[in-house]
Amino acid sequence: MNTIKTRPLPISRLLQLHSDEAARKDIKVFVGFDFHEYVSITREVSTKGRTSPNFRPDRSPIKLGEGYWIVGFNENEVALSYAARLYDLSQSNFAAHLESLKAFYADPSIHAHPRDHCTCTAPSAKNMTGKVAYGGDLWVRRKFRGWGIAQTITRIAHSVSFALWAPDFLCALAPRWRVDRGSVSPYPHHEPGGAILQLVEEDIVGDEWLIWLSGDELKNRLDGACRGTG
């Protein structure tokens, strides 16, 4: 049987608090590890875009224990989705991982289009080495937007990421409008030039910001939150 060990902090209490917060909005939150199941759930949602190749087994398989997903349901309707994975960058850094396209495809030589490219100019990305937890594919159904759902789901994800991996860094890519709106508040650091990106066959073109926090910042935040739960 495959098992996943958790960290010693009482993370379960934080997860319960955040799940209760979602439940007050009539959303039940589930965490899973099978990305075939995740894709089968999300592809049935007509208003959600295609799942990012980072989280699709046909483009970038994720071993058990190296990724998870979160889906929230309102009655029988998918209300939100989020996915995260761990990159081992002990011999590289996040900027190089993006620019090589290995952040998106297990084997870019097979899966990348000849015109695919990614440029990362965010200064901190070159310093992100070791265990780097990357979160993405964040989607919230329109009628639940503006309720703080994205922040709630990100806080749940940060707790899960720490429990599973105790990463050296947590990061994501976000459009400028999300940064300007303040909807990336769980990440204290924001830098432009995270990914100037084109993935032709995925119909992805973007100029994303890098948003991030260090593993020490995450641990201190969760330590404080755990003490606050008394």
Side-chain angles (χ1 to χ4, degrees), residues 1-4 6-7 10-86 133-165 170-175 177-178 181-187 202-204 211 218 222 225-226 229:
M1 178 181 295
N2 292 306
T3 59
I4 298 173
T6 59
R7 308 300 297 178
I11 298 299
S12 60
R13 288 193 294 167
L14 294 180
L15 290 175
Q16 186 62 54
L17 286 173
H18 296 322
S19 295
D20 289 347
E21 184 179 347
R24 287 193 291 272
K25 300 177 175 69
D26 296 321
I27 296 173
K28 292 182 179 179
V29 176
F30 297 86
V31 178
F33 301 93
D34 182 343
F35 279 83
H36 292 280
E37 182 181 6
Y38 178 70
V39 170
S40 72
I41 292 171
T42 57
R43 72 185 175 196
E44 298 300 319
V45 183
S46 60
T47 56
K48 179 189 177 299
R50 191 180 189 188
T51 294
S52 304
N54 319 54
F55 305 111
R56 289 210 323 271
D58 67 326
R59 290 294 178 264
S60 192
I62 299 174
K63 296 177 182 178
L64 182 66
E66 295 183 359
Y68 66 88
W69 47 263
I70 299 171
V71 172
F73 291 90
N74 173 247
E75 297 181 346
N76 294 322
E77 183 178 65
V78 177
L80 59 89
S81 70
Y82 179 95
R85 63 178 300 166
L86 184 68
Y134 173 78
D137 213 47
L138 177 62
W139 173 83
V140 178
R141 189 173 291 277
R142 182 176 296 277
K143 68 181 180 181
F144 296 110
R145 295 174 191 172
W147 293 16
I149 293 292
Q151 291 90 329
T152 297
I153 211 68
T154 302
R155 287 192 290 269
I156 292 174
H158 285 185
S159 298
V160 175
S161 292
F162 181 83
L164 291 177
W165 306 317
L170 284 88
C171 66
L173 298 171
W177 66 263
R178 282 193 62 210
R181 188 175 291 181
S183 61
V184 296
S185 57
Y187 295 92
E202 302 294 333
D203 196 25
I204 293 175
I211 56 178
L218 175 65
L222 295 180
C226 287
T229 63

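The model shown is predicted, which means the values in this text are computed figures rather than measured ones.
- K48 contributes atom NZ, which lies 9.5 Å from atom CG of L138 (distance to the nearest 0.5 angstrom).
- The backbone N or O of I62 lies less than 3.5 Å from no partner atom in the side chain of R85, so there is not a single donor-acceptor pair.
- When the side chain to side chain donor-acceptor pair (under 3.5 Å) test is applied to Y134, no partner is found at least two apart in sequence or on another chain.
- One finds the CD1 atom of I156 at 4.0 Å from the CD1 atom of I153 (value rounded to the nearest 0.5 Å).
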Report task. Decide yes or no on side chain to side chain contact (heavy atoms under 4.5 Å, CB included) for L80 and F144, but give the supporting numbers first. Result -> CA-CA 9 Å; L80 59 89; F144 296 110; over 6 Å; no
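- A distance of 7.5 Å separates OG of S159 from CG of L218, quoted to the nearest 0.5 Å.
- Within the structure, every pair that satisfies the salt bridge (Lys or Arg N to Asp or Glu O under 4.0 Å) test and touches residues 57-72, not counting sequence neighbours, is listed here: R56-D58.
- R141 is linked by a salt bridge (Lys or Arg N to Asp or Glu O under 4.0 Å) to E77, counting only residues two or more places apart in sequence or in another chain.
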For residues 30-38, which side-chain donor-acceptor pairs fall under 3.5 Å, sequence neighbours excluded?
residue, atom, partner, partner atom, Å
D34, OD1, H36, N, 2.9
D34, OD1, E37, N, 3.3
Y38, OH, D137, OD2, 2.5

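- Between R142 and T47 the shortest side-chain heavy-atom distance does not fall below 4.5 Å.
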Report task. List the steps and the verdict of side-chain hydrogen bond (donor to acceptor under 3.5 Å, both in side chains) for T42 and S81. Result -> CA-CA 8 Å; T42 57; S81 70; over 6 Å; no
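- Here the closest heavy-atom approach between residue S161 and residue Y68 is recorded as OG-OH, 2.7 Å.
- Taking all atoms of both residues into account, the shortest heavy-atom contact from H158 to P186 is CE1-O, 3.7 Å.
- In this structure P61 satisfies the side-chain contact (heavy atoms from CB on, under 4.5 Å) test together with A106, sequence neighbours excluded.
- If you take CH2 on W177 and OG on S183, they are separated by 5.5 Å, rounding to the nearest 0.5 Å.
- Rounded to the nearest 0.5 angstrom, W139 CH2 and I149 CD1 are separated by 11.5 Å.
- A search for side chain to side chain donor-acceptor pair (under 3.5 Å) contacts involving Q151 returns nothing, not counting sequence neighbours.
- Summarising the geometry, atom CD1 belonging to I211 is positioned 5.5 Å from atom CZ belonging to R178; distances are rounded to the nearest 0.5 Å.
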Report task. Evaluate the criterion side chain to side chain contact (heavy atoms under 4.5 Å, CB included) for residue pair Y187 and T154; output intermediate values, then yes/no. Result -> CA-CA 9 Å; Y187 295 92; T154 302; 3.7 Å; yes
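- Taking the salt bridge (Lys or Arg N to Asp or Glu O under 4.0 Å) definition, one finds that R145 meets it with nothing, sequence neighbours left out.
- Taking Y82 as the reference, nothing meets the ring-ring contact (aromatic ring centres under 6.0 Å, His included) condition, with sequence neighbours excluded.
- Residues V184 and A174 approach most closely at CG1-CB, 4.1 Å, considering heavy atoms.
- Closest approach of A133 to L86, counting heavy atoms only: N-CD1, 4.1 Å.
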